[in-house]
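Inspection log for the structure reproduced underneath, given as structure tokens.
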Amino acid sequence: MTTASPVSADTASVPIPTDPGGGVMGDRFRALTLGIVSVVLVIAFEATAVNTAMPVAAGELDGFGLYAFAFSGYFTTTLFALVVSGQWCDRSGPLRPLFTGIAVFGAGLLVAGAAPGMWIFVGGRALQGLGGGLVIVALYVVVGRAYPERLRPSVFAAFSAAWVLPSIVGPLVAGAVTQHIGWRWVFLAVPALILLPLAVMGPALRRSEKEQPLLGGAAFDRRRTGLAAMAAVGAGLLQYAGQRLDLPGLLPAAVGAALLLPAVLGLLPAGTLRVGRGLPTVILLRGVAAGAFFAAEAFIPLMMRTERGLSPTLAGLTLTSGGLSWALGSWIQGRPGAERYRTVMIRGGFVLTAVAIAGAALVLVPAVPAWVAAVAWGVGGIGMGLAVASISVLMMKLSTPEDAGANSASLQVSDALGNVLLMGLAGVLFGALGGGSVAAVHDGAAGAGSTGAFAVIFGVMAGVALLGALASGRVRKAV
């Protein structure tokens with residue numbers, strides 16, 4: 001897609017930020033950087049904590065059949081919120097969607113933590129997705145409006161670095177809380193952390209908005225909002241049909257597909273599904289990377305619990321290496337002179353991700369030590385850091401100031417779609433191959449057929465990552 005695509009039709013004009021010199025932690029940007037990174041810290045801690053607690057929560061709520069739905073439900077509602085947030089940001093700036101999103105995100109955590117059953121738990125996760133979708137687009141718009149182009153790679157690297165501490169502390173804290181107090185407190189306690197970013201970022205963001213006022217605002221595009229709603233409902237129906245796997249499920253599957261396909265075509269840049277050169281492929285690859293990596297990651301703690309008998313803490317710690325190395329990969333792509341290797345870093349990142357997913361599956365072989373999964377996920381983290389941050393940088397580079405909000409939203413829509421579709425596929429495979437019958441997870445016993453279900457899921461996701469590597473050569477426009 002070019003910058004004249006239909007995606008930019010609902011955006012308002014924004015000024016190009018001036019470049020006063022200095023770095024992201026210089027006097028001009030220090031407070032703003034600390035504020036927005038603190039938001040990422042809260043989101044990162046929640047993500048690592050939820051991954052650790054989820055196998056136990058699903059066991060106590062008798063919800064292994066909906067295990068993947070608890071993850072994909074988050075991204076399904078995110079689809080709608082992303083488009084709304086992009087328009088909201090371009091109309092009146094990122095402050096209101098950002099703070100609204102933080103509040104809704106916290107409310108979702110409370111609902112999930114108090115859930116009496118798995119469906120209510122999934123509803124809480126869906127509420128979190130609404131808040132998360134508002135927040136992530138607003139953060140991207142803040143970067144595009146407030147920081148000059150030369151500093152954006154460093155800001156995205158700081159986003160990734162913000163995952164380091166939660167990656168270390170999150171599984172330890174969540175594992176200890178889950179084992180000694182209960183999994184519910186993993187969700188109920190996180191909202192208290194929201195107070196920190198609210199206190200830190202408010203003044204800095206308001207100063208930034210005064211320095212970068214909007215030139216004008218357009219009304220919400222009802223067509224795009226409707227398409228976003230269609231995408232969310234369609235994805236939800238497909239997931240529901242996938243969970244049923246019976247003849248009556250064909251009807252919601254057909255309706256879901258009929259809603260989702262035209263919505264995706266309308267929300268993503270023209271040529272995205274055709275892997276068009278330039279921005280369309282950049283947008284597409286974000287969804288491919290996120291979907292393959294996180295669909296596999298969601299099942300690693302459950303695999304380590306049921307196949308290797310690890311405690312919640314140790315199962316969650318398997319993912320720690322990925323968070324740490326992701327920051328390393330993102331830091332590498334932000335080094336001076338890295339721009340000329342942007343395509344190579346994206347392709348290499350996908351290859352490393354595929355290798356990591358296949359490597360994690362090796363622990364299904366009893367003779368392979370359990371720590372191999374942690375090593376493999378460290379390799380995957382480097383790959384994702386290289387690929388995802390580079391994709392974000394290229395998206396900004398290929399966008400005009402007028403397109404920044406809409407293209408940021410498209411990037412996140414692709415991310416959410418990738419997660420919804422591939423996580424949903426993983427859930428279908430898990431249930432169809434006997435994984436939904438996993439029993440006695442608290443005792444580390446595997447249900448019949450679960451080993452094969454895990455193996456198929458990891459094999460499919462590794463293959464998807466390799467397809468991303470093949471498509472990466474099209475991120476540059478034809479000369």
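The shortest heavy-atom contact between L260 and A235 is CD1-N, 4.3 Å. In terms of heavy atoms, G276 sits closest to T281 at O-OG1, 2.6 Å. Taking both residues in full, the closest heavy atoms of A373 and T318 are given as CB-CG2, 3.7 Å, listed atom of the first, atom of the second, then distance. Looking at every heavy atom in both residues, L429 comes nearest to A453 through O-CB, 4.5 Å. Across every non-hydrogen atom of A462 and I357, the tightest pair is N-CG2, 3.8 Å. Considering every non-hydrogen atom in both A174 and V186, the closest pair reads O-CG2, 3.8 Å.
Taken from CE in M345 to OG in S330, the straight-line distance is 10.0 Å, to the nearest 0.5 Å. Distance CE/M304 to CZ/F454: 10.5 Å, rounded to 0.5 Å. For the atom pair L279 CG and T272 OG1, the distance stands at 7.0 Å (nearest 0.5 Å). We find the OG1-CG distance between T343 and L394 to be 6.5 Å, quoted to the nearest 0.5 Å. Taking CG of L425 as the reference point, atom CD1 of I457 lies at 8.5 Å (rounded to 0.5 Å). L433 CG to T451 OG1: the interatomic distance, rounded to the nearest 0.5 Å, is 11.5 Å.
Between F294 and L422, the closest side-chain pair of non-hydrogen atoms is not below 4.5 Å. Taking 4.5 Å as the limit, some side-chain heavy atom of W331 sits within range of a side-chain heavy atom of L328. At a threshold of 4.5 Å between non-hydrogen side-chain atoms, the residues L319 and P171 do not count as touching. Contact annotation: the side chain of V420 never approaches that of T78 to less than 4.5 Å [non-hydrogen atoms, C-beta and beyond]. The shortest distance between side-chain heavy atoms of F105 and L109 falls below 4.5 Å. Side-chain atoms of F80 and T225, non-hydrogen and from C-beta on, do get closer than 4.5 Å to each other. For the pair Y74/N419, no side-chain contact is recorded, criterion being any heavy-atom separation below 4.5 Å from C-beta on.
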Working note: L364 + E307, criterion side chain to side chain contact (heavy atoms under 4.5 Å, CB included); need CA distance, chi angles, decisive distance, verdict.
CA-CA 7 Å; L364 293 170; E307 300 295 314; 3.8 Å; yes
Go through it in stages, so that I can follow the logic: the residues are F293 and W377, the test is side chain to side chain contact (heavy atoms under 4.5 Å, CB included), and I'd like the CA-CA distance, side-chain angles, deciding distance and then a yes or no.
CA-CA 10 Å; F293 185 82; W377 222 236; 3.4 Å; yes
Check against side chain to side chain contact (heavy atoms under 4.5 Å, CB included), L467 and V288:
CA-CA 8 Å; L467 290 176; V288 173; 5.7 Å; no
After noting the C-alpha distance and the side-chain angles of M54 and L302, does the key distance pass the side chain to side chain contact (heavy atoms under 4.5 Å, CB included) rule?
CA-CA 8 Å; M54 191 67 76; L302 183 61; over 6 Å; no
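Within the structure, salt bridge (Lys or Arg N to Asp or Glu O under 4.0 Å) pairs that include any residue of residues 64-85 do not occur (at least two apart or interchain). Screening residues 284-301 for salt bridge (Lys or Arg N to Asp or Glu O under 4.0 Å), with sequence neighbours left out, gives R286-D415.
A donor-acceptor pair is defined here as one N or O able to donate and one able to accept, closer than 3.5 Å; no such pair exists between the side chain of S414 and the backbone of S410. Between the side chain of T100 and the main chain of P97, no donor-acceptor pair closer than 3.5 Å is present.
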Show me the side-chain donor-acceptor pairs of residues 121-138 shorter than 3.5 Å, one per line, residues at least two apart or across chains.
unit_1	atom_1	unit_2	atom_2	d
R125	NE	A70	O	2.9
R125	NH1	E46	OE2	3.0
Q128	NE2	E46	OE2	2.6

